[in-house]
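Sequence positions, counted from 1, serve as the residue numbers for this chain.
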Amino acid sequence: MTLPYATLPGDLDHLIADEHVVANRLFEHLEAGRGDRRMLVDQVSYGRALHAHAEEEVLYPALAEIGAAADAEEGRDEHQAIKRLLVLLDNADPGSRKFERALNKLIGGIRHHIEKEEREFLPALRRAVGAEEMGRLGERYLAAKRSVPARSHPTVPPTGRRRRLMHVAAGFMDKVRDRVSGRSNVLSTDASWLLDTQAQRILDTWSRLVLAPYELLTHEQARQQPSLADAAMEILQQDRRPTDPEEVGSAADVTVPGPGGDLIVRVYKPLGQTSDPVPVVMWVHGGGWILFTNDDYDASCRALVNRTGAIVVSPEYRKAPEHVFPAAHEDVLATYRWLRTNATGLGGDPSRIAIGGEGVGANMAAATCGQLKQAGEPLPVAQVLVCPLTTTAQYGASMRDAADARPLNRPLLSWMMMHAFRGVTDSLKDPRVDLLPLSAQGLAGLPPTLIVTTDRDVLQSQGDEWCARLEAAGVRATSVRYGGVMHDFFGLAAVLDKAAHAQEEVALHLRQAFGEAPAAHPDGAPMRGRKVIG
């Protein structure tokens with residue numbers, strides 16, 4: 001079930017509901033007999049341990065304060081029963097009678113617990129304390145999850161000083177136990193077996209590298225964690241394959257004026273560039289407005305340079321929470337305007353500029369086109385949106401079906417929005433970020449668009465819907481969906497064949513728009529259509 005009212009990404013009930021959806025999706029994998037059974041249960045166990053601890057620290061005291069002490073006690077009792085079952089599962093082998101009986105009881109118990117919380121406890125708390133307090137409780141809830149042992153401990157008291165002391169000891173022992181057993185290595189991977197072999201290896205490698213799931217960390221901690229690009233490098237080293245970046249003519253950072261101060265923009269030029277002007281692509285990297293830099297998306301830009309023969313320009317925009325919305329959007333728009341004025345000086349053709357990006361970078365690329373159209377300024381000749389975020393709403397079936405996916409799952413998306421829109425939550429409906437509600441009139445005349453999605457991405461449904469709405473507005477829009485791969489896959493061509501295929505698709509779309517490849521449609525524009533690959 002889902003909450004019967006609206007919430008904001010950092011609200012206590014929003015955070016808890018996200019965890020509920022993830023838990024239920026893991027249960028569905030187990031019930032369907034897909035995925036690694038041990039790994040799935042380890043992820044359930046880890047998630048429930050953190051969930052129970054944080055609720056006991058934050059939710060249940062808050063319920064008691066509004067006069068719902070009986071509800072709080074009921075919740076604690078249910079947690080104790082769940083913890084005992086998790087201990088049984090930790091010490092039993094998948095497939096054994098003991099394991100399967102405990103698992104069936106656990107699934108039923110947690111689903112009952114979820115229904116009770118979403119139908120009664122959380123709505124009652126919101127009515128009593130109001131939306132602003134739910135936001136403050138959400139911050140405390142996340143902080144509580146960072147201090148919790150990694151396993152369930154039903155013998156620890158539910159409240160009091162003794163609980164805190166025992167949790168410290170249990171937390172230390174859990175870390176040692178998880179490191180020795182290897183359990184900590186699987187907590188950030190995709191355990192569903194819905195990925196292809198190459199994609200699974202990337203996520204398994206990445207999961208061994210990161211400290212913990214990103215959404216459990218502070219933004220400072222998360223920024224120190226390896227990216228999928230680091231996992232790809234690790235695989236290349238394991239396979240004794242070259243690790244040098246794809247060669248281009250040059251890659252250099254330049255400084256350009258931005259609305260909040262100088263911006264660093266990386267300019268990639270093709271090999272053997274002559275004096276003749278070449279097309280230009282502005283490529284905007286992802287990271288949820290919080291994480292990553294041009295270095296993490298370097299492979300994407302190098303691939304585009306070599307497959308299109310164009311200059312690729314990638315802005316390093318301001319990050320939240322230090323610079324909340326719309327800072328990053330403003331930087332991307334300013335960079336595009338600078339590029340249009342300075343393309344000639346870079347050796348580029350100002351009449352052949354395209355724009356694209358990945359994740360929230362795709363959101364900002366699309367928003368830039370919309371702002372240029374509204375201002376009556378020249379538009380890019382094409383746009384490319386890879387795994388785009390096109391609405392701040394938890395939109396579509398993929399928000400449930402891929403709730404447990406990695407590297408981007410549903411809780412991490414909420415974590416990112418919580419930071420990116422902190423203090424400006426009304427901006428969640430700003431048309432620069434919430435694109436789906438835009439009218440057909442507002443979309444008409446936008447550049448030919450290629451949208452690339454994957455089936456293990458919470459953003460897949462909104463990418464598909466954006467394509468449909470562009471088509472309905474008369475825009476030539478093409479959608480390509482890749483099966484068996486994850487969000488943020490595009491730059492991983494060195495270790496992922498489908499990424500290499502996607503790069504070729506993107507390059508063809510751009511070269512057609514630049515007039516350097518045969519058009520797929522009689523009027524010269526790329527054809528409409530939808531493809532599913534793999």
Original post:
Which one of E139, E19, E215 satisfies the salt bridge (charged side-chain N to carboxylate O under 4.0 Å, His left out) criterion with K145?
Top reply: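 Result: among E139, E19, E215, E19 is the only option passing the salt bridge (charged side-chain N to carboxylate O under 4.0 Å, His left out) with K145.
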Gap between atom [atom2] of [Y] and atom [atom1] of [X] - 0.5 Å precision:
X	Y	atom1	atom2	result
S192	H29	OG	NE2	4.5 Å
L194	D455	CG	CG	7.5 Å
R307	E246	CZ	CD	4.5 Å
I16	T7	CD1	OG1	11.0 Å
L372	L333	CG	CG	6.0 Å
Q503	S300	CD	OG	6.5 Å

Using a 4.5 Å cut-off on heavy atoms from C-beta on, say whether the side chain of [Y] contacts that of [X].
X	Y	answer
L389	L413	yes
S479	D464	yes
V433	H329	yes
F490	V506	yes
N363	R432	no
D13	M134	yes
D18	S414	yes
I353	V381	no

Are the side chain of [X] and the backbone N or O of [Y] linked by a donor-acceptor pair below 3.5 Å?
X	Y	answer
N409	L412	yes
R25	D401	yes
D434	D430	no
Q462	T391	yes
S461	G396	no
T189	A191	no
S188	S207	no
N306	A303	no

Original post:
Would E234 and R208 satisfy salt bridge (charged side-chain N to carboxylate O under 4.0 Å, His left out), going step by step from the backbone distance to the final call?
Top reply: CA-CA 11 Å; E234 179 76 11; R208 289 193 294 271; over 6 Å; no
Ignoring hydrogens and angles, state whether a donor on the side chain of [X] or [Y] is under 3.5 Å from an acceptor on the partner side chain.
X	Y	answer
W283	E358	yes
T454	Q460	no
Q383	T449	yes
R337	Q371	no

Please say whether more than 12 non-hydrogen atoms of neighbouring residues, nucleotides or ligands are located less than 6.0 Å from [atom1] in [X].
X	atom1	result
E322	CD	yes
R241	CZ	yes
Q237	CD	yes
E132	CD	no

Do you know the tightest heavy-atom contact between [X] and [Y]?
X	Y	value
S227	D296	OG-OD1, 3.1 Å
L470	A477	CB-CB, 3.9 Å
V452	P388	O-CD, 3.8 Å
F421	S427	CE2-O, 3.9 Å
L438	P431	CD2-CB, 3.7 Å
M282	T335	SD-CG2, 3.7 Å

Original post:
Can the ring centres of Y395 and W466 be said to be less than 6.0 Å apart?
Top reply: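 Judged by ring-centre distance (under 6.0 Å), Y395 and W466 do not meet the cut-off.
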Subject >> Proximity of W206 and Y214 rings by center, below 6.0 Å >> reply: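 Distance test on ring centres: under 6.0 Å, yes.
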Subject >> Set of ring pair (Phe, Tyr, Trp, His ring centres under 6.0 Å) partners for Y336, sequence neighbours left out >> reply: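 With sequence neighbours excluded, Y336 shows a ring pair (Phe, Tyr, Trp, His ring centres under 6.0 Å) to no residue whatsoever.
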Subject >> R126 and D11: CA distance, side-chain angles, deciding distance, salt bridge (charged side-chain N to carboxylate O under 4.0 Å, His left out) verdict >> reply: CA-CA 10 Å; R126 177 171 283 267; D11 291 352; 2.8 Å; yes
**OP:** Could you walk me through whether E516 and R352 pass the salt bridge (charged side-chain N to carboxylate O under 4.0 Å, His left out) test, one step at a time?
**Re:** CA-CA 11 Å; E516 298 191 346; R352 292 189 294 167; 2.9 Å; yes
Subject >> Y317 six-ring face occupied by K319 cation (under 6.0 Å, within 45°) >> reply: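 Yes, K319 and Y317 form such a contact.
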Original post:
Quick one: ring pair (Phe, Tyr, Trp, His ring centres under 6.0 Å) pairs with a partner in residues 215-261, sequence neighbours left out?
Top reply: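 Residue pairs with at least one partner in residues 215-261: H219-H419.
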Original post:
So, are R400 and E28 salt-bridged, with charged N and O less than 4.0 Å apart?
Top reply: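 Salt bridge flag = yes for E28 with R400.
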Original post:
Run the salt bridge (charged side-chain N to carboxylate O under 4.0 Å, His left out) check on R302 and E247 step by step: do they pass?
Top reply: CA-CA 7 Å; R302 289 173 180 270; E247 186 180 4; over 6 Å; no
Original post:
For residues 486-501, which residue pairs qualify under side chain to side chain donor-acceptor pair (under 3.5 Å), counting only residues two or more places apart or in two chains?
Top reply: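 Every pair satisfying side chain to side chain donor-acceptor pair (under 3.5 Å) with a residue in residues 486-501: D196-K498, Q198-D497, Y297-D488, D457-H487, Y482-H501.
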**OP:** Only one of Q224, R223, Q225 passes side chain to side chain contact (heavy atoms under 4.5 Å, CB included) with L217; say which it is.
**Re:**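 It is Q225; the other options fail the test.
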